[in-house]
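Because the structure is predicted, anything quoted here is derived from the model rather than measured. FYI, the numbering just counts along the sequence from 1.
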Amino acid sequence: MSEDLEVEAALGAADVLMRVAARSVMEVEDVVTSPQLRVLVLIARRGPRTLGDVAAELGVHASNATRLSDKLVQAGLAERREDPEDRRYVRLTPTRAGRRLVERVIGHPRQAIAEVLAAMPPSERAAATQAFEAFARAASTDPDDDGRFTLLPPGRRDEDFPATSTWSAPER
């Protein structure tokens, strides 16, 4: 197969995956803005963060991190808690509603992708799984904690996915 055909095949699959991910984010646009979602996914995936941490990790000014956090607190999706080890610091943490929203954003594409895989014949599904794993390994980058760009649930990192997976979509 020529390099052009390989790239076109990868772009076709990437297009489907991006549309699935975009739909999941669009489902919550009435609840949070994209920047607010970034903060919420960050604190859900990496744990409580100070506002300075949020600003640094997202590459925004501290005042922007404060405004975003204020909106999340007002919406009941995050709360500020005193750091038990150093009371000078306040950490932003997701509420139960905030965690549910992150799960919803990440759960939608997982379900949509599982449905696509389930529609494939088992041999093609196994080949696709191997190809996806090889593709992810070749990229050798950590998943992004940006809520617009991650499909991994909170607490899951690259090392959670073995080189050879035992996962398979349910038979239909």
Please report the closest heavy-atom contact between [X] and [Y], naming both atoms and the distance.
X: Val54; Y: Ala65; answer: CG1-CB, 4.0 Å
X: Ser24; Y: Ala21; answer: OG-O, 2.6 Å
X: Gly76; Y: Ala97; answer: O-CB, 3.8 Å
X: Pro94; Y: Ala44; answer: CG-CA, 4.0 Å

At what distance, to the nearest 0.5 angstrom, does [atom1] of [X] lie from [atom2] of [Y]?
X: Glu133; Y: Thr129; atom1: CD; atom2: OG1; result: 6.5 Å
X: Arg81; Y: Thr93; atom1: CZ; atom2: OG1; result: 5.0 Å
X: Leu58; Y: Leu68; atom1: CG; atom2: CG; result: 8.0 Å
X: Arg88; Y: Asp86; atom1: CZ; atom2: CG; result: 4.0 Å
X: Glu103; Y: Arg96; atom1: CD; atom2: CZ; result: 10.5 Å
X: Thr66; Y: His61; atom1: OG1; atom2: NE2; result: 9.5 Å

Answer whether the closest heavy-atom distance between the side chains of [X] and [Y] falls below 4.5 Å.
X: Leu5; Y: Ser2; result: yes
X: Asp53; Y: Arg91; result: yes
X: Leu51; Y: Tyr89; result: no
X: Val20; Y: Val116; result: no
X: Val39; Y: Gln36; result: no

Item to check | Short side-chain to backbone donor-acceptor contact, Arg23 and His108, under 3.5 Å | outcome: no
Item to check | Steps toward side chain to side chain contact (heavy atoms under 4.5 Å, CB included) verdict (Leu101, Leu37) | outcome: CA-CA 9 Å; Leu101 186 114; Leu37 181 60; 4.1 Å; yes
Item to check | Arg104/Val28 under side chain to side chain contact (heavy atoms under 4.5 Å, CB included): CA gap, chis, key distance, verdict | outcome: CA-CA 9 Å; Arg104 181 172 145 201; Val28 297; 3.8 Å; yes
Next on the checklist: Ser69 and side chain to side chain contact (heavy atoms under 4.5 Å, CB included): which single residue from Leu40, Leu92, Ile43 fits?
Outcome noted: Leu92
Next on the checklist: If we check side chain to side chain contact (heavy atoms under 4.5 Å, CB included) with Arg80, which of these qualifies: Leu72, Val90, Thr50?
Outcome noted: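 Exactly one pass, corresponding to Val90.
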Item to check | side chain to side chain contact (heavy atoms under 4.5 Å, CB included) between Val105 and Val41, intermediate numbers included | outcome: CA-CA 9 Å; Val105 166; Val41 170; 5.5 Å; no
Checklist entry - Checking salt bridge (Lys or Arg N to Asp or Glu O under 4.0 Å) against Glu57, which of Arg45, Arg49, Arg38 comes through? => result Arg49
Next on the checklist: For residues 5-17, which residue pairs pass the salt bridge (Lys or Arg N to Asp or Glu O under 4.0 Å) check, not counting sequence neighbours?
Outcome noted: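 Qualifying pairs: Asp15-Arg19.
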Checklist entry - Run the side chain to side chain contact (heavy atoms under 4.5 Å, CB included) check on Phe132 and Ile113 step by step: do they pass? => result CA-CA 12 Å; Phe132 290 146; Ile113 291 168; 5.9 Å; no
